[in-house]
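Working notes, beginning with the structure itself.
Only this structure's heavy atoms are used, side chains among them; waters, hydrogens and symmetry mates stay out. None of these values were measured; they are calculated from a predicted model.
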Amino acid sequence: MKKLSSALCRLSLPKPSNPFAVAKVRSAEEIWRRKSDLSHLLRNKDIEEAQRIFLQIPSPDIHLYTIMINGYSQANRIHDALHLFDNMPDRDIASWNSIIKGCLDSGDLCLAHKLFTEMPDRNVISWTSIVNGLAKFGCIDAAEKLFYKMPGKDTAAWNSMITGYCDNGRIHDAQLLFEKMPHRNVISWTAMIGGHDQNGDSDKALCLFHQMWVRGIKPTSSTFACVLTACANSPDSELGIQIHAIVIKAGYAEENFTLTSLITFYAKCKQIESSSKLLDGVEDRNVFLWTALITGYGLNGRHEEALDEFGKMVRSGIMPNQSTFSSSLNSCCGLEALDRGKGIHAIAIKQGFDFDVFVGNSLVVMYSKCGDVADGMKMFNNMSKRNLVSWNSIIVGCAQNGYASRALELFDEMSACRIKPDEITFVGLLTACSHSNMIEKGRQIFQLLKENPSVDVRVEHCACMVDILGRSGNLDEAEEFIRGMSVKPNVMIWLALLSACRVHCNVEIARKAAGEIFNLDPYNSAAYVLLSNIYASAGKWNDVAQTRVMMRSCGIVKIPGSSWITVHESRHEFVCGDRSNPLTTEIDKKLDWLDEKLKEHGYVCEKTFALHDVDDEQKEHSLKYHSEKIAVAFGLIVTANGSTIRVMKNLRVCGDCHTAIKLISMIVEREIVLRDSSRFHHFKDGLCSCGDYWSKKHAFLSFTLFCRLNAETIRIEGLAYHNWEHWQMLSGPFLLKQEKKGSL
């Protein structure tokens, strides 16, 4: 036994340990393991399992509480985070900082600021978090005050304030602060590069990158992303390609963040094939890469490819995010593909995005731009949260679709919700007035705009006002308005006046407006075409010939009018007198049938819209085969009875086609939606959503308005009404009030 004891001593084996010490060690190990488990579960967003493990811990320490608070905040469960914070036996600065950040991330700035003021002790992270939060929510002045009160600012605090200035449009203040910084790092430079670019000075952003490069500061992937965006916005494709080479050398080319920026850069530089090639070798594509490519195709007008990529993305199992839905719905607008837009809407519902304000806004725009303003209104009404973009989208949608009164009602509701209007709001309201002959209301809204200190009067607003005055027949007042504008009138302004001259066939003012346009833009094709059409309507064929000679000498070619209709995701396009469609024979039969029915209802074509010096029979034949009438006939053949026919046109619909299609909607008992270059016309039961404002103009200002006393039938724009009361009932309040007498 003594030998054994001696041998054990030589081996220096540890003595039996204290059982209490062992328990303590095991407890420490258990806590460490629980912390590790919690962190792992929260990283994987398994908040329920993390909560279960946390509740099993008998006495969690401050660090465990803080981990769980962060988890709740990241899972958008700020109420659970606050409850846990309130029940903490002890708190440290880290726990206070965590709950403040959680409140800011959840959008509760007031509570975050309240908690900040209640903190017993603060460190630089506390100060930086609240400064960053205030700037993020637009309270830049309050953020600035706290920044200058902050003791012991570190570089991160300076960077936070610079970013806040940039995000709130105070780029000059950001530059001054940047120059005062005691120490700058790559984040400082990146913030300034991105700030100058997002505030419209991409050249300055690129100059800063050059200075940074010369000073030997190594860019990060974020820096390269900002620089590539600035190259696209400059635009400077050559420099962007050089930056691409540097990115490859720096080893950032395969990073998703940089790759996304490269895709966007090439797309904005109209090199979408290069964007597509960047993704060819990428097997593990994430939602951001897919979205960048989808958006790129949309920017280049290649909406079909954009929607194809969206389909591939969904089929590959990658779920879209807000930006993906927005870009895809925008491409649906570009194709006027309502059915495909509805399909994307269904996917959004399945993914739980239908109540998202960002996606909801895009859906409202899609439905409105595809002529389905009723579903756009339903979408708007179902939105649980609305912002300024939501209100603008539905107001502009109603204005473009001819529902002016509803647009104005929505503005009143918006004001009651204390949502402040911006420039786009007023464009929508003025457009609504322009499309519905609300002259006095238009004047009131323009005056309201001028009195609004937070909104600047822009050229777009003035163009709307010129349109309101001009289309209502007040051409002299419209011209006087232009001469008295505070901003210099551009081509858009004079085109609005020239377009109004086309409605009222005013040759004198048209010549003056066209002269102003040619002084600003000698090669403006729209002005030449409008002027030629005005001369043709007035029968001035020599002036028409001279205008067309001028167009040829300038190399200007008139864009041919075309109309198209989408059926089962296939687009069918027609031009005037088109004979290329396989169903041409059936279309001719349908047009002949419609022509007979129209004449039975008293329709007489308006020959002044046949803008060629030919005899009346040829003019009538030409009007019969206008592209929009062919498209409507095709739609009647290939679509189901009772369904809505949706036709798009690249130019403004002529008055004769407007009159005919309005009557066709009553004959075939179907709604016909026609979108021209100016607005939507919803034809139903012989009426149009524009309130016949377009037709009424010509009814009083053309020779087609006459009355047949012996048959007691009033003819206006070719439409036959049984008596005066019948006409008033169908047409609504009229522009000019006259006594009921034998001749109009």
Side-chain angles (χ1 to χ4, degrees), residues 294 298 303 306-307 310 320 322-407 409-411 413-414 424-425 427-429 431-432 435 564-569 571 635 639 643-649 670-684 688-690:
I294 292 167
H303 301 297
L307 294 180
F310 178 82
Q322 296 168 316
S323 298
T324 322
F325 281 117
S326 178
S327 296
S328 302
L329 290 166
N330 182 61
S331 287
C332 292
C333 295
L335 294 171
E336 296 93 22
L338 178 61
D339 290 340
R340 295 173 85 170
K342 287 181 176 179
I344 293 173
H345 187 181
I347 296 171
I349 292 172
K350 288 179 181 177
Q351 297 302 316
F353 278 103
D354 53 321
F355 292 108
D356 180 86
V357 66
F358 193 68
V359 176
N361 292 342
S362 299
L363 284 165
V364 170
V365 171
M366 185 276 294
Y367 280 116
S368 299
K369 284 192 174 182
C370 290
D372 191 353
V373 74
D375 278 344
M377 183 62 72
K378 285 179 185 175
M379 187 65 229
F380 176 80
N381 290 333
N382 289 334
M383 291 174 68
S384 55
K385 291 183 180 179
R386 300 169 188 157
N387 57 16
L388 177 59
V389 177
S390 314
W391 290 97
N392 283 347
S393 299
I394 194 63
I395 287 172
V396 171
C398 287
Q400 290 177 337
N401 282 272
Y403 301 103
S405 297
R406 185 66 185 122
E409 288 172 5
L410 284 163
F411 177 65
E413 293 174 23
M414 173 182 166
I424 297 173
T425 316
V427 169
L429 294 170
T431 300
H435 287 171
W564 59 93
I565 179 171
T566 302
V567 181
H568 303 307
E569 299 187 5
R571 175 165 155 162
T639 59
S643 62
T644 300
I645 297 172
R646 301 181 188 277
V647 176
M648 307 294 167
K649 183 175 172 65
R670 292 173 71 174
E671 182 179 1
I672 302 172
V673 179
L674 172 63
R675 192 215 69 184
D676 65 10
S677 60
S678 176
R679 61 176 296 159
F680 279 92
H681 297 270
H682 294 255
F683 300 99
K684 190 174 182 181
C688 179
S689 61
C690 71

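Looking at Ser326, its side chain never comes within 3.5 Å of a backbone N or O of Ser362 through a donor-acceptor pair. A donor-acceptor pair is defined here as one N or O able to donate and one able to accept, closer than 3.5 Å; no such pair exists between the side chain of Arg675 and the backbone of Met648. No donor-acceptor pair closer than 3.5 Å links the side chain of Asp339 to the backbone N or O of His568. At distances below 3.5 Å, at least one donor-acceptor pair connects side-chain atoms of Asp356 with backbone N or O atoms of Phe358. A donor-acceptor pair is defined here as one N or O able to donate and one able to accept, closer than 3.5 Å; no such pair exists between the side chain of Arg406 and the backbone of Cys398.
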Applying side-chain contact (heavy atoms from CB on, under 4.5 Å), run through Arg670 and Ser643 and close with a yes or a no. CA-CA 7 Å; Arg670 292 173 71 174; Ser643 62; 2.9 Å; yes
Just do the side-chain contact (heavy atoms from CB on, under 4.5 Å) check on Asn381 and Arg386 with the steps written out, would you? CA-CA 10 Å; Asn381 290 333; Arg386 300 169 188 157; 4.2 Å; yes
Report the C-alpha separation of Leu429 and Ile395 in whole Å, then their side-chain angles, then the decisive distance to 0.1 Å, and conclude whether the side-chain contact (heavy atoms from CB on, under 4.5 Å) test is met. CA-CA 7 Å; Leu429 294 170; Ile395 287 172; 4.1 Å; yes
Check step by step if side-chain contact (heavy atoms from CB on, under 4.5 Å) holds for His345 and Leu329. CA-CA 9 Å; His345 187 181; Leu329 290 166; 5.7 Å; no
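Ring geometry for Phe680 against His682 counts as tilted: the plane angle lies between 30° and 60°, on a 0 to 90° scale.
Electrostatic pairing of Glu336 and Arg646 does not count as a salt bridge here, judged by no charged N lying under 4.0 Å from a carboxylate O.
Residue pairs meeting the ring-ring contact (aromatic ring centres under 6.0 Å, His included) criterion with at least one member in residues 370-389, sequence neighbours excluded, are Phe380-Trp391.
Nearest heavy atoms, Met383 versus Ser390: CE-OG, 3.5 Å. Residues Ala337 and Cys370 share a closest heavy-atom pair of N-SG, 4.1 Å. Across all their heavy atoms, Ala399 and Ala407 have their closest contact at N-CB, 4.3 Å.
Using a 4.5 Å heavy-atom threshold, the side chains of Ile347 and Phe325 count as touching. Residues Met414 and Leu388 have side chains in contact (heavy-atom distance under 4.5 Å, counting atoms from C-beta outward). Val673 places a side-chain heavy atom less than 4.5 Å from the side chain of Thr644.
How far CD1 of Ile565 is from CZ of Arg571: 12.0 Å, rounded to the nearest 0.5 Å. Atom CD1 in Ile645 sits 11.5 Å away from atom CG in Leu674 (nearest 0.5 Å). Taking CG from Leu335 and CH2 from Trp564, the interatomic distance works out to 10.5 Å, rounded to the nearest 0.5 Å. Separating the OG atom in Ser368 from the CD1 atom in Ile394 is a distance of 4.5 Å, to the nearest 0.5 Å. One distance of note links CD of Glu671 with OG of Ser689; it measures 8.5 Å at 0.5 Å rounding. For the atom pair CD1 of Ile344 and OG1 of Thr324, the computed distance is 10.5 Å after rounding to the nearest 0.5 Å.
Other residues, nucleotides and ligands contribute only 12 or fewer heavy atoms inside 6.0 Å of the CD1 atom of Ile424.
With sequence neighbours excluded, the residues satisfying salt bridge (Lys or Arg N to Asp or Glu O under 4.0 Å) with Asp375 are Lys378. Contacts of Asn382 classified as side-chain hydrogen bond (donor to acceptor under 3.5 Å, both in side chains), with partners at least two apart in sequence or in another chain: none. Partners of Gln400 according to the side-chain hydrogen bond (donor to acceptor under 3.5 Å, both in side chains) rule, which considers only residues two or more places apart in sequence or in another chain, do not exist here. For the side-chain hydrogen bond (donor to acceptor under 3.5 Å, both in side chains) test, no residue two or more places apart in sequence or in another chain qualifies with Ser328. Under the rule for a side-chain contact (heavy atoms from CB on, under 4.5 Å), the partners of Val365 that lie at least two apart in sequence or sit in another chain are Cys333, Lys369, Ser393.
When only modelled atom types and interatomic distance are considered, Asn330 and Ser327 share no side-chain donor-acceptor pair under 3.5 Å.
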